[in-house]
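Written out below as structure tokens is the structure these notes cover.
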2 protein chains.
Amino acid sequence: MTFDPKDCGTCPIRHRAVCARCENDELEQLEAVKFYRSFEAGQPVIWSGDTMDFVASVVSGVASLSQAMEDGRTQMVGLLLPSDFLGRPGREFAAYDVVAVSNLTLCCFRRKPFEKLMSQTPHIGHRLLEMTLDELDSAREWMLILGRKTAREKIASLLAILARREASLGLRPQAKDTVFELPLTREAMADYLGLTLETVSRQISALKREGLIQLEGKRQVIIPDYAALLAQTGDDCDGAIMS
Amino acid sequence: MTFDPKDCGTCPIRHRAVCARCENDELEQLEAVKFYRSFEAGQPVIWSGDTMDFVASVVSGVASLSQAMEDGRTQMVGLLLPSDFLGRPGREFAAYDVVAVSNLTLCCFRRKPFEKLMSQTPHIGHRLLEMTLDELDSAREWMLILGRKTAREKIASLLAILARREASLGLRPQAKDTVFELPLTREAMADYLGLTLETVSRQISALKREGLIQLEGKRQVIIPDYAALLAQTGDDCDGAIMS
DNA sequence: CGAGTCCTTGACGAGGCTCAAGCACGGTGG
DNA sequence: CCACCGTGCTTGAGCCTCGTCAAGGACTCG
């Protein structure tokens, strides 16, 4: 089944996005106000303060939300992957800078009709609540990383998170090694982790030197022993979030 | 009008908590499953991993959510003030350590009936979504603080946030100076900001020495010039979130 | 080949952490 | 009434991690 933009039934994120719980009649109403937009890697999607007349789901690719300080320091505060939701119903102006980290396709809904639909039907609101609570949880995990971890632990944590997501997609046949493509540049990783890109580079080199990771080119990461990497994150291993 | 625990109509957080939008019949159903619990400053409310058979609103006082690493480092990831919501519908086990920072009173709802009520009526879910989105926004502001700010900027930011909240309560007659009680110990502030308590103490002393703040005892803070304090936060002043 | 982008590595310095000592204040008990 | 203790806070000295500045390598594209 290939993806037909006219038919939500064939959409790759149909069962995980904000529309996951919608009945057919709700989907039809959404389809009436939806449109697709694509961005190339590195392109801005919207700047903080701009008027935002749509909300959107990420169909493919990766987008980042960042906040800037007046002197130019910047911190990534959200990383949007396929099926994640962009925008806030009821908010007219964007609160963050949004950038396409990789090539990106959004499924956009005009904001006003979306809000109206949300107030009339329960499924969108419920799903959005669930997704927002999940995002709050990951924001809190992220806060622990930013506030208390060393540079080495930060890098290990990020790699572990990406590897875990890769595994959860379940696409990979039972390979011993976890392999994935880094969707972020060194600079974006630094932005994510509250480090400089030099420190990121040094720590990745160190992990490679010690055999905890291998690199195929700059972006392909191979993790020969996931547990060994986890041990470098500093996390309390049995303290996993249960939901 | 004094607060009568039997009557939600007299509740001090009636118009801001998760029940803010409820109609009278919904309130009655909530009242049937609610009970109050109080904690003294410093007491634990619940530990991460414990079963959580209630959710709650903070009626008065302050509670913190924190995460711990295996070696004991700890990071506060949430600060709950009156009207804030504790717990996650659908989640059986607590994901964070919750501690009463000051004397604390919770309005608790048994979790199962609360979830049922939520699925049957729209108002609770809508309000909870709104509150969760707000919390996500403050979590993201916090991430910028943790990831990119200097110790001095962190302290200034925290004081500015507390002062702003104080001002927004509007209780204070048009005083030139903003005055408020610090609800946190130095250690809790350090936990909040990803610093050590020594650094917190040094930076507070520095701000005092430079006249940006004054202290009455250890906990009473006077801010003679709010704008001057804001200038120390490093924030882009016109980049305020608009909602 | 040159230019641009992304990454790596080195040298150095500063900001914040660690360790340690001591102060202020309030409560308790002799 | 005062000695004693516990808690919370302050201050100092020294060290280490990570940021800054700088140079140069790997790769792609025109």
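Source: prediction; values computed, not measured. A, B, ... follow the sequence lines: proteins, then strands. Residue 1 opens every chain.
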What distance do [X] atom [atom1] and [Y] atom [atom2] have between them, rounded to the nearest 0.5 Å?
X      : Y      : atom1 : atom2 : answer
A/T132 : A/D137 : OG1   : CG    : 11.5 Å
A/T199 : A/I204 : OG1   : CD1   : 11.0 Å
A/R209 : A/Q203 : CZ    : CD    : 9.0 Å
B/L212 : B/Q214 : CG    : CD    : 10.0 Å
A/L195 : A/R186 : CG    : CZ    : 13.0 Å
A/R16  : A/M131 : CZ    : CE    : 9.0 Å

Donor-acceptor under 3.5 Å ([X] side chain, [Y] main chain):
X      : Y      : answer
A/D177 : A/V179 : no
B/K208 : B/L215 : no
A/W142 : A/Y192 : yes

Which pair of heavy atoms, one from B/R73 and one from A/K149, lies closest together, and at what distance?
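Looking at all heavy atoms of both residues, the closest pair is NH1-CA, 4.0 Å.
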
Please find the earliest and latest nucleotides of DNA chain C, in the 5' to 3' direction, that have an atom within less than 4.0 Å of any heavy atom of chain A.
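On DNA chain C, the outermost contacted nucleotides are C/dC7 to C/dA11.
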
Could you pull out the protein-nucleic contacts involving nucleotides 6-9 of chain D (nitrogen or oxygen on both sides, under 3.5 Å)?
residue : atom : partner : partner atom : Å
D/dC9   : OP1  : B/R219  : NE           : 3.3
D/dC9   : OP2  : B/R186  : N            : 3.0

Can you tabulate the close N/O pairs, meaning under 3.5 Å, that link protein atoms to atoms of nucleotides 17-23 of chain D?
residue : atom : partner : partner atom : Å
D/dC18  : OP1  : A/A151  : N            : 2.8
D/dG19  : OP2  : A/T196  : OG1          : 3.3
D/dG19  : OP2  : A/T199  : OG1          : 2.5
D/dT20  : O4   : A/R202  : NH2          : 2.8
D/dC21  : N4   : A/E198  : OE2          : 3.2

